[in-house]
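Below is one structure, written out as structure tokens; the observations come after it.
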Amino acid sequence: MARSEVLPRSFFDRPVLDVAPELLGAVVVHGPVALRLTEVEAYDGANDPASHAYRGLTPRTTVMFGPAGHLYVYFTYGMHYCANLVCGPDGTAAAVLLRAGEVVEGLDVARTHRPGVTKDSVLARGPANLVRALGLGPHHNGIDVIGGDVQVRRAAADPGEIRTGPRVGVSTGATRPWRFWIAGDPTVSAYRPGTRKPRSTAR
DNA sequence: CCCATGATACTCT
DNA sequence: GAGTATCATGGGG
């Protein structure tokens, strides 16, 4: 039987809305820690007001405009790092934000990355927590995930279990249902489920 | 359980 | 100078 195959660059070098849902279930590996992705979001720089790259190339977004299969790590809210997988051809700025996952290997090491956390299901819940659980940091910005320090193994979630909804924390382009997660997964469910009751009255 | 708020520093205009 | 692809905590139900 096939051992888990490392995703090739061609997997990432496609439209980001195709790649994102297929990443659910895939396993990100860094050192002893392996993480099964349970929640991701797509960002499409050219067409997406919520993307960091929407306003064009800046020093920070250089990696997003580069070739597929590299890691884009950014700093936000004064204290957190988040990680994306760059998609699409060189010159475009699409990427998939890694929002949550389940630690499936190296649990002991992942716990040391998240001191004080007692429930394993929250080790990698939320994009900044995921980065910490994996032991990633700003120095991983731009690294190649094909044959490098960080890799992604192919594995697919049950298509019937995939849900979509609006992205978290974005103010512009918020209606686009470009968040994808695995239904009922404990690493996702407590974190802003897509079924918020809308306030009926206009404001 | 759910919601509201403060912390904190980098990036771009 | 304003905004931010967030998290942990604390209070109320």
Side-chain angles (χ1 to χ4, degrees), chain A residues 12 16-17 19-21 23-24 28 35 37-66 70-88 92-101 103 110-142 163-181 184-199 201 203:
Chain A
F12 300 101
V16 66
L17 289 178
V19 176
L23 276 172
L24 291 175
V28 181
L35 195 77
L37 292 175
T38 57
E39 181 187 7
V40 299
E41 281 176 1
Y43 286 85
D44 188 350
N47 311 303
D48 182 2
S51 169
H52 289 165
Y54 183 59
R55 304 192 178 204
L57 181 65
T58 68
R60 180 205 218 177
T61 60
T62 301
V63 173
M64 283 187 82
F65 282 90
H70 291 249
L71 212 55
Y72 167 51
V73 179
Y74 69 89
F75 182 80
T76 192
Y77 287 101
M79 52 192 118
H80 301 300
Y81 293 95
C82 301
N84 301 248
L85 291 164
V86 175
C87 296
T92 66
V96 175
L97 173 66
L98 309 180
R99 285 204 60 92
V103 177
R111 288 184 186 126
T112 68
H113 293 154
R114 302 273 289 120
V117 174
T118 52
K119 272 197 302 186
D120 290 340
S121 60
V122 310
L123 283 173
R125 184 178 67 181
N129 291 335
L130 180 150
V131 162
R132 292 178 62 195
L134 271 177
L136 297 176
H139 49 287
H140 291 97
N141 186 40
R163 300 290 180 273
T164 70
R167 293 172 293 183
V168 172
V170 304
S171 47
T172 325
T175 62
R176 300 174 190 201
W178 289 359
R179 179 158 73 113
F180 304 88
W181 69 95
D185 192 289
T187 64
V188 180
S189 61
Y191 201 77
R192 283 188 65 173
T195 58
R196 286 198 73 176
K197 185 180 299 183
R199 277 294 102 96
T201 60
R203 34 185 256 133

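Note that these values count all heavy atoms, side chains included, but never hydrogens, waters or copies made by symmetry. Throughout, protein chains are lettered first and strands after them, A, B, ... in sequence-line order, and every chain is numbered starting at 1.
Applying the side chain to side chain contact (heavy atoms under 4.5 Å, CB included) criterion to Val122(A), with sequence neighbours excluded, gives Val117(A), Lys119(A), Arg125(A). Residues that satisfy the side chain to side chain contact (heavy atoms under 4.5 Å, CB included) test with His80(A), not counting sequence neighbours, are Thr76(A), Tyr77(A), Ala128(A). Taking Thr58(A) as the reference, Arg60(A), Thr61(A) meet the side chain to side chain contact (heavy atoms under 4.5 Å, CB included) condition, with sequence neighbours excluded. Qualifying salt bridge (Lys or Arg N to Asp or Glu O under 4.0 Å) partners for Arg111(A), counting only residues two or more places apart in sequence or in other chains: Asp120(A).
For the pair Leu97(A) CG and dT6(C) C1', the computed distance is 11 Å after rounding to whole Å. Atom pair Leu123(A):CG and dA8(C):P shows a separation of 11 Å (rounding to whole Å applied). If you measure from atom CZ of Arg114(A) to atom C1' of dA8(C), you get 10 Å, rounded to the nearest angstrom.
With Glu41(A) contributing its side chain and Val168(A) its backbone, the two residues share a donor-acceptor pair below 3.5 Å. Under the 3.5 Å distance criterion, the side-chain polar atoms of Asp48(A) are left unmatched by any main-chain donor or acceptor of Tyr43(A).
Two residues are said to be in side-chain contact when any heavy atoms from C-beta on lie closer than 4.5 Å; Leu71(A) and Asn84(A) fail this criterion.
For dC7(C), the OP1/OP2 oxygens have no side-chain nitrogen or oxygen of Arg132(A) closer than 4.0 Å.
Nucleic acid contact class of Asn129(A) (heavy atoms, under 4.0 Å, all strands): sugar-phosphate only.
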Checklist entry - When you check every protein heavy atom under 4.0 Å of nucleotides 7-13 of chain B, what one-letter string (B, S, -) results, 5' to 3'? => result BBBSSSS
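In this structure, a donor-acceptor pair under 3.5 Å is absent between the side chains of Tyr81(A) and His140(A).
Consecutive pairing runs in DNA chain C reach the stem threshold at B:1-7 with C:6-12, B:9-12 with C:1-4, where a stem means at least three Watson-Crick or G-U wobble pairs with distances under 3.5 Å.
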